[in-house]
Each structure stands twice: as C-alpha cells, then as structure tokens.
There are 2 protein chains.
Amino acid sequence: MFSKACEYGIKATIYIAVKSMHQERVSLKEIAEEVDSPVAFTAKILQSLARHGIIDSQKGPTGGFQIQESKIDAITLHQIVHAIDGDNIFNGCGLGLKQCDASKPCPVHDKFVGIRDNLKSMLHNTSLYELATGLDIGLTHLKR
Amino acid sequence: MFSKACEYGIKATIYIAVKSMHQERVSLKEIAEEVDSPVAFTAKILQSLARHGIIDSQKGPTGGFQIQESKIDAITLHQIVHAIDGDNIFNGCGLGLKQCDASKPCPVHDKFVGIRDNLKSMLHNTSLYELATGLDIGLTHLKR
DNA sequence: TCTATTTAAGATAAATTTGTCCGAAATAAG
DNA sequence: CTTATTTCGGACAAATTTATCTTAAATAGA
Ligand code: FES
Ligand code: FES
C-alpha cells in the first residue's frame, strides 16, 4: 500500500510530534530506535520531510528534529504520504493505465475510485495531532 | 497499490476471459499486445496464474490461454490479486508492523482497517465475469 | 578557538521487482 | 517422423527501492 519510506516517515513524524508536544527535540538515533527503522535511511526520509516543511531540523549538539506545536494540529496524514510517495496513489489508475479518466475507464475504474477516494479522505481527515495523542497515552504502538 | 505483475495479471485475465466467452483460445503474444505489457514478463505471470488454477494453458500450435467458461463467473478479483501479490495487502499493517492486531494497534490501525476491509470486500465481490463483460461491450478499456 | 555532536548531502551498495533470453517440452499438422 | 509453433522453466539483466557509508556543514559548549 505505502512504500517502506512512507511507513517509516509516518511513524517517525508521529514520534517527533509526541516529543514536540512535550517541548522536546529528538535525535535521529532515538527516532530510528523507537520507530524500528534503519538509521541512515530514516535520515534521508527526515531530510525530505524537512525540505517539505513538515518537520524542522537542527544541527549540532542538542540538535535533532521537532515540529512546531502550532502546526501539529494542522498536519494531515495526506501531507506526509504525499510528500514521500507522491500523488500516484491518490489519482493513478488501479491497473496502471497512464491516465485514470472516467471517460475511458479501465475495467476496475468504477469499483476502484470508491476505494481510492475513501483512502484519500481518510488521510485528509486524519491529523497528526490525533495520531500523536493516541501514541502518547499508550493507546497505540510503533513497534511490534 | 498493486504490483506491476498484478496489474498485468488482472488485465490479462480479463482479456482471456472475454475471448473464452467467445470460445476462443488466445496466445501470449496477442495478450501482451492487447494488454500493453512486456511479453516475457507476462508469460511468467500467466504461468503462475495457470499453476494457481485460475487459467488454463495449452502448448503447441493452436495453443494459448483460456478460462473454462463455467468458472469465469466464480473467479473473483480477490483470487487473482491473492495469487499474484499474496495476502499482505489484505491483512498486513498499514505502517508495516510485523503483525496487525487490534490488541496492540499501530497509530493508524482503526482508520486503516476500514479502508483495507473495503478493498477486500470490493475484490471479493467483483467477478471476472462482470469485468470481462464490461470490456467486451466496449464500456471499459485495457490500454490508454 | 577548539572539540564533540548532530544533521545534510552525495556516492555507493544490497535487495527486490521488473523485464529479457534461451533451450526444453508439448503438440498440431504435413 | 519431421517441422513449426507455442508454452514452460530457469538463468540472466536492468531498473527501482531500500539501505549504508563517508565527508561536509552547522552549532553548542568547554
Ligand atoms: S482508469 Fe483505471 S482506475 Fe480509473
Ligand atoms: S496494526 Fe497497523 S494497521 Fe493494524
């Protein structure tokens, strides 16, 4: 469904959000540890998220990653997924046709569009805040 | 969403079904042409579908692929996807945790399970027959 | 200023997926 | 039986994704 990069990116962002809500900056090493992801690969993903303006990064001792508390509420899963995996999952044809278009639909178009739109609106309606809160109060987990 | 192999496999199966409904066997070459897929790769996928008992193959001159007409109605998209992509998409965690389990859910579990179940039931409820019919009467297309 | 620490960036490598090639096996037809 | 045609099977190759390594840049603190 999502790429590994996206899975790691989502988990990392949620973890950073939890820490940010407690006014703590967090290091790459800690993130990779808590998220169960390869350190250097995670670094790449976080760099990309930083360039997309979703997270902030700070170099040097006491450096690390954080998210402005005021933004946590406004960031959606959609933004994260879009930043990492692009928009093919949101607009692409389920059978890989170059263009998904109801005027020349593939055999699964009608059935597929519903699922795709479901996913899209779920991601749009899910805020980083609620995901981080669930994790913070121990309702959900990042490893298993 | 689906792998390339799965996309090709679905399109090929639908095309074979259309031909089979007209009592015609169809060659690999024709399938790859009509489905816009690489010939040799398509051969691999069709071999796999044949081993899974979803399609029949026949070697030699006048050989090719076909589907028993009586089965077309009973074959579902789910069977095809499951044969090629396995069941990770149906049961796997959206964030890649080793096990998706409501008793130790990942942050997106509750939201994700709905989407995943939607997809699953859509694939279960979509028969090869209806997809092939749509294509046969020119309502849908395999290339673009 | 110097050092230690942490992220940035680019090159490189490993793993997986996608795609190709070629000889073998089956089989229809002359 | 021989030949032409078609799928089968395994090895091989290319492309993409995932993961690592190394050096540079920033920066906090001694
Ligand atoms: S054309 Fe294939 S999903 Fe729309
Ligand atoms: S645990 Fe992640 S989707 Fe169920």
Protein and nucleotides 15-17 of chain C: nitrogen or oxygen contacts under 3.5 angstrom:
none

Notebook entry, point to check: What is the distance, rounded to the nearest whole Å, between atom NZ of B:Lys29 and atom C1' of D:dT6?
Noted result: 10 Å
Considering only distance and modelled atom types, tabulate donor-acceptor pairs under 3.5 Å from the side chains of residues 57-68 of chain B, sequence neighbours left out.
{"from": "B:Gln66", "atom 1": "OE1", "to": "B:Arg25", "atom 2": "NE", "distance (Å)": "2.5"}
{"from": "B:Gln68", "atom 1": "NE2", "to": "B:Asp56", "atom 2": "OD2", "distance (Å)": "3.4"}

Margin query: Rounding to an integer number of Å, can you tell me how far A:Leu28 CG sits from D:dA26 P?
Written below: 19 Å
Margin query: Please report the distance, rounded to the nearest Å, between CG in B:Leu46 and C1' in C:dG19.
Written below: 14 Å
Margin query: List the residues meeting side-chain hydrogen bond (donor to acceptor under 3.5 Å, both in side chains) with A:Glu69, not counting sequence neighbours, and say none if there are none.
Written below: A:Gln23
Item checked: Nucleic acid footprint by protein, nucleotides 20-30 of chain C - heavy-atom cut-off 4.0 Å, B for base, S for sugar-phosphate alone -> B-----BBB--
Item checked: N or O in side chain of A:Tyr8 less than 4.0 angstrom from D:dT18 OP1/OP2 -> no
Margin query: Taking salt bridge (Lys or Arg N to Asp or Glu O under 4.0 Å) as the definition, give me every residue that meets it alongside A:Asp36, ordered by chain and number, with sequence neighbours left out.
Written below: B:Lys98
Notebook entry, point to check: B:Asp56 CG to D:dT6 P: how many Å, rounded?
Noted result: 18 Å
Margin query: Tell me whether A:Glu130 is salt-bridged to B:Lys111, with the criterion being a basic N under 4.0 Å from an acidic carboxylate O.
Written below: yes
Margin query: Measure CD/A:Gln66 against C1'/C:dT6 and give the value in whole Å, please.
Written below: 13 Å
Check: CG of A:Asp36 versus P of D:dA19: gap in Å, rounded?
Finding: 11 Å
Check: Roughly, in whole Å, what's the span from CZ in B:Arg51 to C1' in D:dG10?
Finding: 11 Å
Item checked: Under the ring pair (Phe, Tyr, Trp, His ring centres under 6.0 Å) test, residues paired with B:His124 that sit two or more places apart -> B:His78
Next item on the list: Not counting sequence neighbours, which residues clear side-chain hydrogen bond (donor to acceptor under 3.5 Å, both in side chains) with A:Asn118? List them please.
Entry: none
Check: Side chains of A:Ser37 and A:Thr42: donor-acceptor distance under 3.5 Å anywhere?
Finding: yes
Next item on the list: Could you check which residues of residues 79-97 of chain B get a heavy atom under 4.0 Å from DNA chain D? Sort them by number, please.
Entry: none
Checklist line | Listed partners of B:Tyr15 passing side-chain hydrogen bond (donor to acceptor under 3.5 Å, both in side chains), at least two apart | finding: B:Glu30
Checklist line | Other cluster members, B:Val113 - Ile/Leu/Val/Met/Phe/Trp/Tyr, side-chain contacts below 4.5 Å | finding: none
Notebook entry, point to check: Linking Ile, Leu, Val, Met, Phe, Trp and Tyr by side-chain heavy atoms under 4.5 Å, what else ends up with A:Ile137?
Noted result: A:Leu139
Check: When the distance from CG of A:Leu49 to P of C:dA9 is rounded to whole Å, what number comes out?
Finding: 13 Å
Next item on the list: Among residues two or more places apart or on two chains, list those pairs meeting salt bridge (charged side-chain N to carboxylate O under 4.0 Å, His left out) that have a residue in residues 3-14 of chain A.
Entry: A:Lys4-A:Glu7
